[in-house]
Amino acid sequence: MTKLNFEAELNERQIHAVKTIEGPVLIIAGAGSGKTRVITYRIAHMLETGIPQSAILALTFTNKAAREMESRVKDLTKKKLQNLTVSTFHAFGVRILREEIETLGYRKNFSIYDETDRLQLIKESLREVRISPEGVDLYALGQLFSNIKIGRFRWEDLAGTNDPLARGGFEPVYREYQHGLKLFNALDFDDLLVLPIKIFESSPEILEKYCRRYRYIMVDEFQDTSFTQYRLMKLLADRNVCVVGDDDQSIYSWRGANYENILNFERDFPGTLEIKLEQNYRSTTTILEAANGVIAHNANRKEKNLWSGNGGGKPIELFHPQNENEEGEFIASRIRELLFREKLTYDDFGVLIRTNSLTRSIEEAFLSENIPYRVSGGTSFFQRKEIKDVLSYLRVIANPDDDVNLLRIINTPRRGIGKALITAVTDLARKNQSSLWDAMGRLRHIPAPLFQDQGTDTFDPLRKVSAQAAYGGVIDKGRAEIDGFMTLIESFKAEILGGTSQKGWRLSQKVRRLVETIDYWSYLITEYRKNDKIARWKFLNIESLINSIETWEADEDNPEPSLYSYLNRISLITRNDEDGIGETGGQGKVNLMTIHASKGLEFPVVFIAGAEEGIIPHERSLEEEGGNIEEERRLFYVAITRARDKLFISSCLKRRRLQNTVDCVPSPFLAEIPPHLIAYREEEKLVEDPEEAEKYFALLKSKFI
């Protein structure tokens, strides 16, 4: 094993954290403070001092983090690590259960149910206790069962609440669900943590065996541990336990994370040594001072003050665009500017948003500027089902022979064109080597006998008979539905392309009338009758699409606001370009993501979009009992600390909601950034340098070649 050179790679506090391997240790690792490096060096140091691999247990939250940790330790030690346990909490739980689950009456060949299996068992459990699954929100009921199982709630505590599920008499269903799991020798995801705890608490000799085996325990991202994960760790840990985390980056309470576990650790492990890692290796002093200024307003936190040796850095630029479209244009133009001025690549940019509802205007701007991007932590606006449905209607109106898009909408919303009828139409199209639209036209107008290939010598009479036998009745019954669908497309084709609608109507108005005509809202209500919030959110996305068409066709620089022009434009944004090369010149893609998805990442340049009250802090978080303003502030802190060199923040003066434009108020978190760190951008700067102007001209020219 290569001898570790701590002094060359680590600072003084990091070395202290690495070399302190006896007793309980709490490492408060600020953003960008080299946390992963400390963890891997600590494991390598333990191995260097002679501690066996099998005695070390390192727990983290994702398989990716576990693989990275193990890979780094291998690189440091130059050793094979067959006996070192680096694992997620749930994978570690599976390891225990494979050895010990028979003590609970299960067999070792148990199954682990995924979400689909789990919901199916809940549905069967409802039937067993004579409750119809219709009208029951299975997902919400599954969440309730999960909270009961992990001990967040008890049935008796829920009896007096306003939660209809808690008051709905579902305790017998839960008991039946648990009985079903045992009967089928199956576990759900919560069992992977709950059952090892049950084994350890009911069998002291088994717990003692694992405590002797794992004498050195480390937990990464400790602020994200749930109450159940903490219990499991506490049962196993004796004295040599080290947890690493940052309460300022605890942003997952909605999935059970409890940042107070840091306080619990100090209480449960007397004599804990606390080591703070405050030197940030990522960001400039300006960015860190801004982050410190914001997070200092949280009362329930460990005091720390991040500092950097990277120099002062450029001021944070705050921009107040008139609306979300101007915001998207601002972000796109700044990316173009920095791409050339500072020789950056597209993947050097991170654009962070609080919710996925903010992506549309930014994606539109990237499309306009031909900027490649990827969406993380959610779905691209133009890839959402409801948006693809509306766009498919428009594509079929523009080109009825587009089989792919026709199949998407032929029965959306449902209009009685089922699988058997679609199969018959497809067979006829294949036989005649025609489009589905052409085949439907034949069935619409040509009477029986069906599948007659008029005047064609190659027609196979045997195929005719079999086809008639298989599909004749289906097509006769479905001819009216086919006619209705084709009439709908033809009428809107005439209206949108032929200009037969009310004089003066724009494309956006025609699209809105299309959505109303097919009654997409009722379709959403039917599809999501158990959760009308999802239906409203999806319909809001459609309204956002129509608003974007309205903005596009009103643009003075848009000489031809036609359906064909719009669809050609949208096709660019939905192209399959996963490798990030081609027209990007190997420069990757801009990273457009939610703040939650950005945790653990860093970018030279970061944009925080939508820094407005009601977005961040999000209005839903403030409506929760007791509010959750501190977690929202931690989220903003995480966003700020993703930036290495340059940070832009935009806060719109107005924003479109449904068909209305509302006034916006800047996020209160902006006022918590020290004013001397902020530069306000009010208008675009002219490019005065001739050489730089020539580069911009060349860029513009390339867009039209």
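- Within the model, atoms CG of Asn292 and CH2 of Trp307 stand 12.5 Å from one another, a figure rounded to the nearest 0.5 Å.
- With sequence neighbours excluded, the residues that form a side-chain hydrogen bond (donor to acceptor under 3.5 Å, both in side chains) with Ser650 are Glu327.
- Contact check on Asp347 versus Lys589 returns no salt bridge, with no Lys/Arg side-chain nitrogen under 4.0 Å from an Asp/Glu carboxylate oxygen.
- Shown here are the side chain to side chain contact (heavy atoms under 4.5 Å, CB included) partners of Val194, two or more places apart in sequence or in another chain: Lys149, Ile150, Thr228.
- Under the ring pair (Phe, Tyr, Trp, His ring centres under 6.0 Å) criterion, Tyr214 pairs with Phe92, sequence neighbours left out.
- Judged by distance alone, with hydrogens and angles left aside, the side-chain atoms of Arg336 form no donor-acceptor pair with the main-chain N or O of Ala332 at under 3.5 Å.
- Using a cut-off of 4.0 Å between Lys/Arg side-chain N and Asp/Glu carboxylate O, Lys304 and Glu278 are scored as not salt-bridged.
- With respect to the salt-bridge test (charged N to carboxylate O, under 4.0 angstrom), the residues Glu337 and Arg334 qualify.
- At least one donor-acceptor pair closer than 3.5 Å links the side chain of Lys646 to the backbone N or O of Pro315.
- Counting only residues at least two apart or on different chains, the salt bridge (charged side-chain N to carboxylate O under 4.0 Å, His left out) pairs with a member in residues 225-244 are Glu201-Arg231.
- Phe648 and Phe607 have parallel rings, their planes meeting at less than 30° on a 0 to 90° scale where 60° marks the start of perpendicular.
- Under the side-chain hydrogen bond (donor to acceptor under 3.5 Å, both in side chains) criterion, Asp75 pairs with no residue at all, not counting sequence neighbours.
- Not counting sequence neighbours, the partners of Phe636 by the ring pair (Phe, Tyr, Trp, His ring centres under 6.0 Å) test are Phe669.
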Run the side-chain donor-acceptor check on residues 58-71: report pairs under 3.5 Å with partners two or more places apart or on a different chain.
from	atom 1	to	atom 2	distance (Å)
Thr62	OG1	Ala65	N	3.0
Glu68	OE2	Arg72	NE	3.4
Glu68	OE2	Arg72	NH2	2.9

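- Residues forming a side-chain hydrogen bond (donor to acceptor under 3.5 Å, both in side chains) with Ser253 (at least two apart in sequence, or on another chain): Glu631.
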*Criterion side chain to side chain donor-acceptor pair (under 3.5 Å) on Tyr230 and Asp268, from CA distance to verdict*: CA-CA 11 Å; Tyr230 181 82; Asp268 293 333; 2.6 Å; yes

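- With hydrogens and angles disregarded, no donor-acceptor distance shorter than 3.5 Å links the side chain of Arg301 to the backbone of Ala296.
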*From CA spacing to verdict: salt bridge (Lys or Arg N to Asp or Glu O under 4.0 Å), Arg354, Glu632*: CA-CA 10 Å; Arg354 175 62 179 86; Glu632 289 293 301; 2.8 Å; yes

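- Rounding to the nearest 0.5 Å places OG1 of Thr641 at 8.0 Å from CG of Asn280.
- To the nearest 0.5 Å, the span separating NZ on Lys599 from CZ on Arg634 amounts to 11.0 Å.
- Partners of Asn300 under the side chain to side chain contact (heavy atoms under 4.5 Å, CB included) rule, at least two apart in sequence or in another chain, are Tyr259, Glu630.
- Each of Glu363, Glu324, Glu364 was scored for a side-chain hydrogen bond (donor to acceptor under 3.5 Å, both in side chains) with Ser548, with one residue passing: Glu364.
- Within the model, atoms CD of Glu289 and CG of Leu677 stand 5.0 Å from one another, a figure rounded to the nearest 0.5 Å.
- Between the side chains of Ser544 and Arg360, at least one donor N or O lies within less than 3.5 Å of an accepting N or O.
- The main-chain N or O of Leu277 is never found under 3.5 Å from a side-chain atom of Arg13 such that the two would form a donor-acceptor pair.
- Scanning for ring pair (Phe, Tyr, Trp, His ring centres under 6.0 Å) contacts around Phe265 gives Phe222, Phe269, with sequence neighbours left out.
- In this structure Glu266 satisfies the side chain to side chain contact (heavy atoms under 4.5 Å, CB included) test together with Leu26, Leu263, Glu274, Lys302, sequence neighbours excluded.
- With no hydrogens or angles considered, no side-chain donor-acceptor pair links Thr286 and Thr284 at under 3.5 Å.
- One finds a salt bridge joining Arg633 and Glu672 here, because a Lys/Arg side-chain nitrogen approaches an Asp/Glu carboxylate oxygen to under 4.0 Å.
- Salt bridge Glu543/Arg656: absent, no basic N to carboxylate O contact under 4.0 Å.
- Residues that satisfy the ring pair (Phe, Tyr, Trp, His ring centres under 6.0 Å) test with Phe603, not counting sequence neighbours, are absent from this structure.
- With 3.5 Å as the limit, one finds no donor-acceptor pair spanning the side chains of Glu12 and Gln14.
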